[in-house]
Asker: 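Input: one structure, supplied below.
From a predicted model like this one, the values you see are computed outputs, not experimental measurements. Below, chain A is the first sequence line, B the second, and so on; all start at residue 1.
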Number of protein chains: 2
Amino acid sequence: MAATIKDIAKKAGVSPATVSRVLSNQTAFYSEKTAKKVKKAAKELGYQRNTAAVELVTQRSKVIAAIVSSTQTNFSDQIIDGIQQVANQNNLNVIILYAGEKDTQMQRKALETVIERSVMGILLIAVDLDPSNEGLLTSANIPYLFLSITLKNRELPFITSDDFQIGYQATHYLIQKGHSRIGLVAADLESVTGHLRLEGYNQAMHDHGLVIHPEWVCDGDFAYEDGVVAMKQYGHNPPVTAVVASSDLAAIGVMNQAQEFGLKIPDDLAVISVDGTKLCQIVRPQITSVTQAFFEMGVRGMNRLINWPAADEKPLYTPIKIVERQSV
Amino acid sequence: MAATIKDIAKKAGVSPATVSRVLSNQTAFYSEKTAKKVKKAAKELGYQRNTAAVELVTQRSKVIAAIVSSTQTNFSDQIIDGIQQVANQNNLNVIILYAGEKDTQMQRKALETVIERSVMGILLIAVDLDPSNEGLLTSANIPYLFLSITLKNRELPFITSDDFQIGYQATHYLIQKGHSRIGLVAADLESVTGHLRLEGYNQAMHDHGLVIHPEWVCDGDFAYEDGVVAMKQYGHNPPVTAVVASSDLAAIGVMNQAQEFGLKIPDDLAVISVDGTKLCQIVRPQITSVTQAFFEMGVRGMNRLINWPAADEKPLYTPIKIVERQSV
DNA sequence: AACGCAATCACAAACGTTTGTGTATTTTAG
DNA sequence: CTAAAATACACAAACGTTTGTGATTGCGTT
């Protein structure tokens with residue numbers, strides 16, 4: 001059904017080789033006259049290039065794969081925006097695949113899909129790769145980069161925010177505002193990310209001579225529900241006067257549950273969240289947050305992939321900043 | 001670098017043809033003994049199939065493309081979840097592409113990308129296709145389906161909610177609750193979707209003998225900001241006692257601005273939104289909504305694509321239901 | 001011992017493109 | 001006016017796989 005390069009060649013009275021060179025603008029190889037004939041024929045036939053054939057012969061593709069885990073909060077959109085922007089500038093295509101959350105099978109399937117297609121680069125957004133899938137990725141001979149996650153395996157390249165700093169600065173900010181009894185919510189302690197944030201939190205407490213109460217930190221998974229269960233654990237008379245929540249959604253969870261308890265935000269309980277997505281601006285009170293540079297993560301990730309294998313760019317971390325709103 | 005089927009053939013001492021058949025489980029063609037040898041060799045070489053070659057020769061692919069426009073609110077995640085589920089059941093791959101919002105260029109590029117790859121089906125999620133790109137889509141000879149949008153061009157197949165019913169039922173619900181002065185916010189009147197919802201709204205008002213005030217309907221684009229500007233237009237002493245907002249985000253916008261004005265929700269102003277995403281549950285007060293069956297849209301869309309070209313399934317609309325929460 | 005039939009495999013063509021190389025044709029230089 | 005150089009094109013191989021068809025083997029039956 002679909003027209004091929006040979007059909008065009010026949011119609012224009014030239015060889016397929018010439019058609020190919022015209023269509024890919026190899027200006028040194030053809031005259032303007034034949035170019036016109038070829039382009040006209042191509043248009044009339046509604047020609048669409050067959051990418052499979054192109055990639056087969058050229059042995060490379062112009063697509064970047066972004067593998068995203070379905071996260072509780074939706075910061076990945078911002079990262080993908082950054083990716084898209086750079087892709088457009090460089091005439092690359094971006095395809096996005098879902099890898100579930102902590103779903104080894106889906107991770108594997110997504111990886112196999114993109115490796116079989118031999119994409120030119122793989123960006124893994126917030127995916128905590130199962131060790132059993134690492135081999136697949138590393139031996140595929142395709143540039144790859146983790147985004148928005150700190151990994152156990154430090155050999156794997158990644159770009160993210162400095163999670164220790166996130167924990168430290170959030171806590172430090174609350175201390176500066178006069179708080180000394182500070183909780184940590186939805187910490188996700190099994191992950192490196194969560195662990196580092198906890199360390200930052202601990203360090204900040206320690207630096208200011210505050211005593212650390214392990215029962216003030218609540219585990220969780222960045223989810224809204226984790227925020228509410230944490231707050232329920234604190235109870236009507238919370239032992240803390242402020243909490244740092246590890247995601248915007250978790251922060252909303254604690255705020256809602258706190259209000260359920262009749263507590264006023266920020267007077268009875270101050271809240272600072274990490275991420276700083278639009279959610280912070282649309283809830284009331286608006287949430288003061290440690291805002292991450294997600295868009296920039298996407299941009300830098302793409303640039304790094306494009307310039308592969310660049311010498312190791314040093315700065316692995318995108319900046320964070322505290323945006324003051326109404327919740328503390 | 002990467003191992004091919006020929007390498008395996010050499011290593012296992014068989015022909016490439018046999019390797020191919022073993023690897024694709026054409027059980028009628030080989031003995032268990034050679035199968036073992038082949039599989040062993042394949043594993044040792046870390047073989048990954050070259051999809052470009054496969055698709056070139058078989059002339060078909062196992063990927064479904066989902067083209068999404070970057071929407072204000074994020075219901076597309078739910079649709080994609082539905083798509084993914086069916087895809088997994090049928091051993092298909094899903095790739096997602098962004099088409100910007102009302103960006104003709106990006107639409108065209110996304111379409112060309114998937115057509116060149118001759119995917120087996122295209123799902124367009126909430127993309128309002130520019131007429132200039134219609135030809136591309138329709139002449140590509142690839143099954144396609146629009147999701148979550150009502151189109152001007154009724155020739156194009158789509159699955160969505162019944163927008164007239166959305167407008168009608170939302171309005172009717174408010175009337176039943178005793179309201180007679182009802183506004184319509186962020187209506188997106190240029191789109192068919194917005195137009196139909198307005199018709200539903202008008203019809204419901206008319207059916208109950210209520211007078212229609214055109215100045216009570218505010219245009220917009222489903223965005224949060226559209227909600228706040230609409231509310232600002234209504235002012236401190238709004239002429240309406242209830243509004244239907246055309247998205248959850250827009251509803252939050254009016255609610256926030258209303259509270260800014262010192263109005264209590266739902267006592268001074270009732271709000272019903274359409275969509276019913278998780279946002280409705282996490283804001284306070286929780287928003288009563290006309291909830292759409294996004295997940296089901298994805299599922300039905302996929303099934304329709306898979307069974308292409310099925311006889312025209314009749315029910316083009318997925319169900320909607322009103323979920324009562326706290327905002328009216 | 002000769003035959004037929006499965007079972008198992010190898011051969012080779014085909015998919016649509018890119019690209020190195022060869023070959024006419026035209027242009028330029030001397 | 002001739003030779004060299006540049007231009008414009010065609011030929012054909014190659015990419016990695018699938019699949020129709022033909023060849024070989026081994027077995028059981030007479």
Side-chain angles (χ1 to χ4, degrees), chain A residues 1-39 41-42 45-63 112-113 115-120 140-141, chain B residues 1-39 41-42 45-63 112-113 115-120 140-141:
Chain A
M1 193 76 243
T4 78
I5 219 179
K6 291 182 187 173
D7 300 325
I8 299 177
K10 203 172 298 175
K11 183 154 188 164
V14 297
S15 77
T18 301
V19 174
S20 170
R21 296 195 236 249
V22 169
L23 259 28
S24 48
N25 285 318
Q26 311 228 38
T27 40
F29 285 91
Y30 56 84
S31 67
E32 265 316 306
K33 201 175 56 176
T34 60
K36 273 216 183 72
K37 280 191 304 184
V38 168
K39 284 173 181 169
L45 292 171
Y47 173 74
Q48 287 288 338
R49 177 187 8 248
N50 182 324
T51 312
V54 175
E55 291 183 357
L56 180 57
V57 61
T58 62
Q59 300 286 65
R60 64 208 137 88
S61 90
K62 299 182 64 135
V63 351
E112 282 176 346
T113 301
I115 292 174
E116 285 181 359
R117 307 197 100 75
S118 55
V119 297
M120 69 168 285
N141 226 32
Chain B
M1 192 75 245
T4 77
I5 220 179
K6 292 183 187 172
D7 300 324
I8 299 177
K10 203 172 298 175
K11 184 154 187 163
V14 297
S15 78
T18 301
V19 175
S20 170
R21 295 197 235 248
V22 169
L23 260 29
S24 47
N25 285 318
Q26 313 227 35
T27 40
F29 285 90
Y30 55 85
S31 66
E32 266 315 307
K33 202 175 57 177
T34 58
K36 273 213 184 74
K37 280 191 304 185
V38 168
K39 283 174 181 168
L45 291 171
Y47 173 75
Q48 288 286 338
R49 183 199 348 257
N50 182 323
T51 311
V54 175
E55 290 183 356
L56 181 56
V57 61
T58 62
Q59 299 285 66
R60 65 206 134 93
S61 89
K62 298 180 65 127
V63 351
E112 282 175 345
T113 301
I115 292 173
E116 285 180 358
R117 306 197 101 74
S118 55
V119 296
M120 69 169 283
N141 227 31

Asker: Looking at every non-hydrogen atom in both residues, tell me the closest pair between B:I8 and B:A41 and how far apart they are.
Answerer: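 Scanning both residues completely, I find the closest heavy atoms to be CG2-CB, 3.9 Å.
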
Asker: Nearest whole Å is fine: how far is C:dT25 C1' from A:K33 NZ?
Answerer: 12 Å

Asker: Check the distance between D:dT17's C1' and B:Y47's OH and give it to me in whole angstrom.
Answerer: 7 Å

Asker: Rounded to the nearest Å, what distance is computed from the CZ atom of residue A:R117 to the C1' atom of nucleotide D:dT17?
Answerer: 14 Å

Asker: Reckon B:S24 touches a base, only the sugar-phosphate, or nothing at all at heavy-atom distances under 4.0 Å?
Answerer: nothing

Asker: With nearest nucleotides of DNA chain C determined for B:T27 and A:V57 from heavy-atom distances, which residue corresponds to the more 5′ nucleotide?
Answerer: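 Looking at DNA chain C, the more 5' nearest nucleotide goes with B:T27.
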
Asker: Would you kindly give the OH-to-C1' distance between B:Y30 and D:dT19, to the nearest whole Å?
Answerer: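 Distance check: B:Y30 OH to D:dT19 C1' gives 15 Å.
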
Asker: Return no unless some side-chain N or O of B:Q48 is found under 4.0 Å from OP1 or OP2 of D:dG16.
Answerer: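 No, outside the criterion.
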
Asker: On the nucleotide C:dC15, are OP1 or OP2 found under 4.0 Å from the side-chain N or O atoms that A:T4 carries?
Answerer: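 Checking C:dC15 against A:T4, no side-chain N or O comes under 4.0 Å of OP1 or OP2.
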
Asker: Find the distance A:I8:CD1 to D:dA10:P and express it as a whole number of Å.
Answerer: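 Taking atom P of D:dA10 as the reference, CD1 of A:I8 is at 14 Å.
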
Asker: Rounded to the nearest angstrom, tell me the gap between atom CZ in B:R60 and atom P in C:dG16.
Answerer: 14 Å

Asker: Locate the shortest heavy-atom distance separating A:S61 from A:M120; write the atom from each residue and the value.
Answerer: O-CB, 3.4 Å

Asker: If I take atom NZ in residue A:K37 and atom C1' in nucleotide D:dA8, what distance separates them, rounded to the nearest angstrom?
Answerer: 11 Å

Asker: Atom CG of B:N50 and atom P of C:dG16: how far apart are they, to the nearest Å?
Answerer: 16 Å

Asker: B:S20 near the nucleic acid: base, sugar-phosphate alone, or nothing, with a heavy-atom cut-off under 4.0 Å?
Answerer: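 B:S20: base contact, heavy atoms under 4.0 Å.
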
Asker: With nearest nucleotide decided by heavy atoms, which residue, A:T58 or B:S31, maps closer to the 5′ end of DNA chain C?
Answerer: B:S31

Asker: For a quick test of reading the model: is some side-chain N or O of B:Q26 closer than 4.0 Å to OP1 or OP2 of D:dT18?
Answerer: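 Negative; the distance criterion is not met.
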
Asker: At a cut-off of 3.5 Å, list every protein nitrogen or oxygen paired with a nitrogen or oxygen from nucleotides 10-13 of chain C, distance to 0.1 Å.
Answerer:
unit_1, atom_1, unit_2, atom_2, d
C:dA10, OP1, B:S15, N, 3.2
C:dA10, OP2, B:S15, N, 2.6
C:dA10, OP2, B:S15, OG, 2.8
C:dA10, OP2, B:T18, OG1, 2.7
C:dA10, N6, B:R21, NH2, 2.7

Asker: Heavy atoms, side chains only, cut-off 4.5 Å: are A:L45 and A:K11 in contact?
Answerer: yes

Asker: How close do B:Y47 and B:I5 get, counting heavy atoms only, and between which atoms?
Answerer: CE1-N, 3.8 Å

Asker: Using a 4.0 Å heavy-atom cut-off, does B:E55 contact any base of the nucleic acid, only the sugar-phosphate backbone, or nothing at all?
Answerer: nothing

Asker: Between A:P16 and A:A9, which heavy-atom pair has the shortest distance, and what is it?
Answerer: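 Minimum heavy-atom separation between A:P16 and A:A9: N-CB, 3.6 Å.
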
Asker: At what distance, to the nearest 0.5 angstrom, does OG1 of A:T4 lie from CG of A:N50?
Answerer: 9.5 Å

Asker: So which heavy atom on A:E55 is nearest to which on B:R117, and how close?
Answerer: OE2-NH2, 2.5 Å

